[in-house]
Amino acid sequence: MTDDAGRTGGGDGPLARARTAIETRSLTALAVLTSAALVVAFYYPTATVLIEAVVVDGAVTVSVFAEVLTDPFYFGELARLLSGESPAAVLGSLLSPDRRLGIVGFTAYQAVLSTLASVALGLPAAYLLARFEFPGRRTLRSLTIVPFVLPSIMVAVGFVATFGDNGTLNAALAALGLPPVDLLFTLEAVVIAHAFYNAPLVARVTTAAWESVDASAVETARSLGAGPVRAFVDVVAPQVYPAVLTGAALTFVFTFGTFPIVLALGGFQLATVEVFVYRLVRDLSYAEAAALAIIELVISLGVLLAYLRYEARNSTSTRGARPLPRRPLVPPAPTLRELLPRAGLGVYSVAAGILFVAPIASMILASVTGGDGALTLDHYRFLIERQQTGAAFQVRPWPAIRNSLAFAAAATLLALPMGVVVAVLTTRRYRGRTLVDAAAMAPLAVSGIIVGLGLLRGLVFGVEIAEWRIAASGAVAIVVAHAVSGYPFVVRTVSPGLSGLDRSLVESARALGASRARVIRDVELPLVWPAVVAGAAFAFAISIGEFTSTVVLATGADAYTMPVAIERFIGRRLGPATAMGVVLLVVTGLSFVVIERLGGDHRGL
Amino acid sequence: MRIPYVTTEYNNRVMTTDESETRRRARPRTRRRFLTAAGTAGAVALAGCSAERTGDGGDGGDGAGSDGNETDGGGDTDGGGDGGDGETPTLTVATYSSFIDAPSVSPGEWLKEEFESRFDAELEWATPDNEVNYYVERAASGAGVDADVYVGLTTEDLVRVDEELDEDLFAEAGDIEGGDAVKEGLRFDPFDRAVPFDTGYVSLVYDSTTAEAPETFDGLLDDEHAGALIAQNPGASSTGRAFLLHTINRFGDGGVASDGDGEAIEGADGDPDYDYLDYWADLQENDVRVLGSWDDAYAAWSEGEAPMVVSYSTDQVFANMEGADLDEHQIRFLNDQAYANPEGMAVFADADEPELARQFMSFMLEPDVQGEIAQRNVAFPATGDAELPSDYAELAQEPADPVTFTYDELRGSADAWVEAWERQFAGN
């Protein structure tokens, strides 16, 4: 990927040889750089904390683990099994109605529910975005990821204003003469909020895969006599499944590690593992916190690896990228076959309007509502005033916007090559690939609280090597940390497409003398381009929304980002914070549109 | 993305949160001054990689910080050496972020200007994300503490620090000028390190236009108050923890922290068979909402999700500032009590400027400064002679009977109390 000049023939001169050498090694070099970034900004820092689970006061011990694993508070009935009770007795209690799930069991349970809800709400959106043509489609597709970057306090505000006792939904129901719903502070509210965050992820990943489905394969199937349903099941679905599962697996992992939103919209009776990790870290009880975090990590990674095994076994071959033609949203003929899916989408869009648009609209409304309930621009005036008169040590809006954009752009540019290189490495088949997969995906699966503490110890305080203390913080460290959290998305969006590519394409190009790096750049990436753009958008979103490592690594008020500003502007009235939240919303929305425009709709062969 | 938000609390909250700036500071003095200047220029920090000899200088700064566009090359040569050479000394004051940066009011800016005008010194704020824990980590990692004084210590902070570190993080305050003016009941550090500078009370805030709050803890269990109270997670929120401690003070701890010696905190209710866990079981039965942070709780309360919320007794000061209807912001002291959370300040044991730090502490106790802190931090002064507007007490209410646990009572017990409560409340 270092080669940017067009290939002008098969010259054998020293220049060409040098170029070939660089091309040949660029992949290796990138792989080495990626590993280095991961070690410095993730593995080493995280290890400084996780090791406390097994090393207590200088001695290696498994007692902390044993205690957590056999504690029914965390593992419910399963803990009895782990402490040696007979499986039959445990099974008996598991089947009884008053079984105990334990905190870990409950956390998994709510994550499963949240995943199902996110898939159910994400798929229709993917169908709409991938298969229909309508004005504003591309903008809508770009904006799908916006919910992903919203701070939890903003989502909590939007949800309370929409689904609360005095919320918009109940007002609408009352106007229709319907009874009110009591949604807040229940598991349902938490699951819906998780779907608000993650359905867009499922939708975006699935859309990218669906747009990469080759139309000629469908046409071939149809010409061989397959009906539209059969063609969908046999040709389209196998290429879309892996993406849906990607979305589902990522959703599970995120909602398994959920933290503030559960307490904000559910309450402490629904506390998840991460709530306890936070409390234990805060109380400096690192051994137990680290043990819990490792258990979280094992479960999350287990789910990711199970999914990766499935992905590896089920990749289907494709060799072209002429996308399926989109259908107009207005049915061409009033037949049942044309009307039914559109009617379904109509129902879906009402649900989506309530679920995604109403909370965001409530946030925007909150940003222009004063203490007396009247409309006002005071909160935006506050932002301007803080910009003009804030002290040097205070957080000001403009530097926050500028830093957010700069960090996110840099982190995306770093995450893209990192992600592509890892995707290429993990689509090959070799011994120990599972290990590489696990290592590459670990940043998704480790508790954010633990990573934050690790960055403090590993980077900010630094390491002492031969009387020198090596430390890192500030903008560069933030960008690397953001890229490390964002690059797994690039891997996960790009990888299924890459592994599905017809190997003969790559082999012919190689036979014609192209280097591996060049094949990736000129042949493979263009074929999975929608996935690359989606991955870039996610990497950008991760950086924009990141909070924990940013505050840990920032060197002062002038390295802060928009989420930090929102957090600082939270006061007794939420106006100033919501105004900053709307700024975040607008800035990121525009950025996504720009990214996808820059990416182009398609860049197929 | 792990939806990485941590809980935050409000302005006059005391200990808990995890917000704010992790300020990376380089070595003190000359560099600091340069950094402040560079910081105001507002340029993006370019690089923050550094390598520094650990043996030299003695201040052990990690040298990684660069607050502006300074590129921090390895092995720079500035060092201590400021002692008596006529340079303006810099005092680094660590605190929680809302003390210097809040959307409404915060004392930070005024204090900095006032201190610098009275002393020939520069005041630099540091608000690391993990607050006191950040310095515990620094001390434990051998990276050097790199600050002179901490403002905003609570009794629980001290307990936690003392349980974690073998060496002293803070030094004894010694003879602080004006220290005698601190109210006796507020002194919370038996080892005389932390000197209180303000205090707050955690009480109920309620909307009297929708419901009347009960007079007592027992009243909260009445059917008419079912689902009417929003509290906060005591594991992450200072108001939530204060409310939990208040219930322990009221009903006793049932010996959950006794280490098997059968010792228990007796409740003020005089019933040894009914402890705080029993009370919370009843409260949960009556549909109390325990949300995460003060922000979550106050936002939900403001939207009318419930008429009562656990918050601060200074609520009307803010409500008045915003021109809100005070009937919607009534204070209730259950059993005429409120849990007091005094905040203290202490000099770090390895402060570079211990004398200046003590001058700062006595500055913080001067009558006019005490008045300003109370008003700008929306809290109550720690001294008896603070200069406050005569109508301050009209809106900032104090309970007839403040309650609080001492350092000795909290030590060895607080964690067990919270954990027992968690296990009961979230038992799935």
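Letters A, B, ... are given to chains in the order of the sequence lines, protein chains preceding strands, and every chain is numbered from 1. Remember, it's a predicted structure, so these values are computed and weren't measured experimentally.
At a 4.5 Å heavy-atom cutoff, the contact between B:E419 and chain A is made by backbone and side-chain atoms alike. Contact annotation for A:L265: neither backbone nor side-chain heavy atoms come within less than 4.5 Å of a heavy atom of chain B. Of the two parts of A:F276, only the side chain, counted from C-beta on, holds a non-hydrogen atom closer than 4.5 Å to a non-hydrogen atom of chain B. Proximity to chain A is absent for every atom of B:A297, based on heavy atoms less than 4.5 angstrom apart. Residue contact with chain B, scored on non-hydrogen atoms closer than 4.5 Å, involves the side chain of A:Y74 exclusively. For chain A, the nearby parts of B:E109 are the backbone and the side chain; heavy atoms of each come within less than 4.5 Å. Looking at A:A477, there are no atoms closer than 4.5 Å to chain B (heavy atoms on both sides), in backbone or side chain. Interface residue B:D315: backbone and side-chain heavy atoms are both found under 4.5 Å from chain A. For B:Y298, the part sitting under 4.5 Å from any heavy atom of chain A is the side chain, from C-beta outward, and nothing else. The contact between B:E322 and chain A is made entirely by side chain atoms (from C-beta outward), counting heavy-atom distances below 4.5 Å. For B:V136, the part lying near chain A is the side chain, with the backbone staying farther off; criterion is any non-hydrogen pair under 4.5 Å.
Taking 4.5 Å as the limit, every side-chain heavy atom of B:P103 sits out of range of all side-chain heavy atoms of A:R568. The side-chain heavy atoms of B:H329 and A:R572, taken from C-beta on, include a pair separated by under 4.5 Å. Contact annotation: the side chain of A:L184 approaches that of B:E305 to within less than 4.5 Å [non-hydrogen atoms, C-beta and beyond]. Put simply, the side chain of B:F318 does not reach to within 4.5 Å of the side chain of A:R573, judged on heavy atoms. In this structure, B:D296 and A:I153 have side chains that are in contact, with non-hydrogen atoms separated by less than 4.5 Å. Residues A:F185 and B:D287 have side chains not in contact (no heavy-atom distance under 4.5 Å, counting atoms from C-beta outward). Put simply, the side chain of B:R160 reaches to within 4.5 Å of the side chain of A:L284, judged on heavy atoms.
Heavy atoms of other residues, nucleotides or ligands lying less than 6.0 angstrom from CH2 of B:W110 number more than 12.
Here the closest non-hydrogen pair linking B:S141 and A:F461 is OG-CD1, 3.4 Å. Considering every non-hydrogen atom in both B:N133 and A:V281, the closest pair reads ND2-O, 4.0 Å.
For the side-chain hydrogen bond (donor to acceptor under 3.5 Å, both in side chains) test, residues two or more places apart in sequence or in another chain that qualify with A:D378 are A:T376, A:R381.
Here B:E137 is the residue among B:R289, B:E164, B:E137 with the most heavy-atom pairs under 4.5 Å with chain A. Here B:G235 is the residue among B:A231, B:G235, B:A140 with the most heavy-atom pairs under 4.5 Å with chain A.
Distance check, rounded to the nearest 0.5 Å: CZ of A:F547 to CG of B:D129 gives 6.0 Å. In this structure, CH2 in B:W294 is found 10.0 Å from CD1 in A:I570, a value given to the nearest 0.5 Å.
In this structure, A:D71 pairs ionically with B:R423, as a charged nitrogen and a carboxylate oxygen lie closer than 4.0 Å. With salt bridges taken as basic N to acidic carboxylate O contacts below 4.0 Å, none links B:D415 and A:R279.
Although no hydrogens or angles enter the test, the distance criterion places no donor-acceptor pair under 3.5 Å between the side chain of B:E303 and the main chain of A:N166.
By the 30° and 60° cut-offs, the orientation of the rings of A:F268 relative to B:W421 is tilted.
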Requested in this report: Take A:R396 and B:D101 through the test salt bridge (charged side-chain N to carboxylate O under 4.0 Å, His left out) and record every step on the way to the result.
Outcome: CA-CA 10 Å; A:R396 281 167 295 169; B:D101 191 2; over 6 Å; no
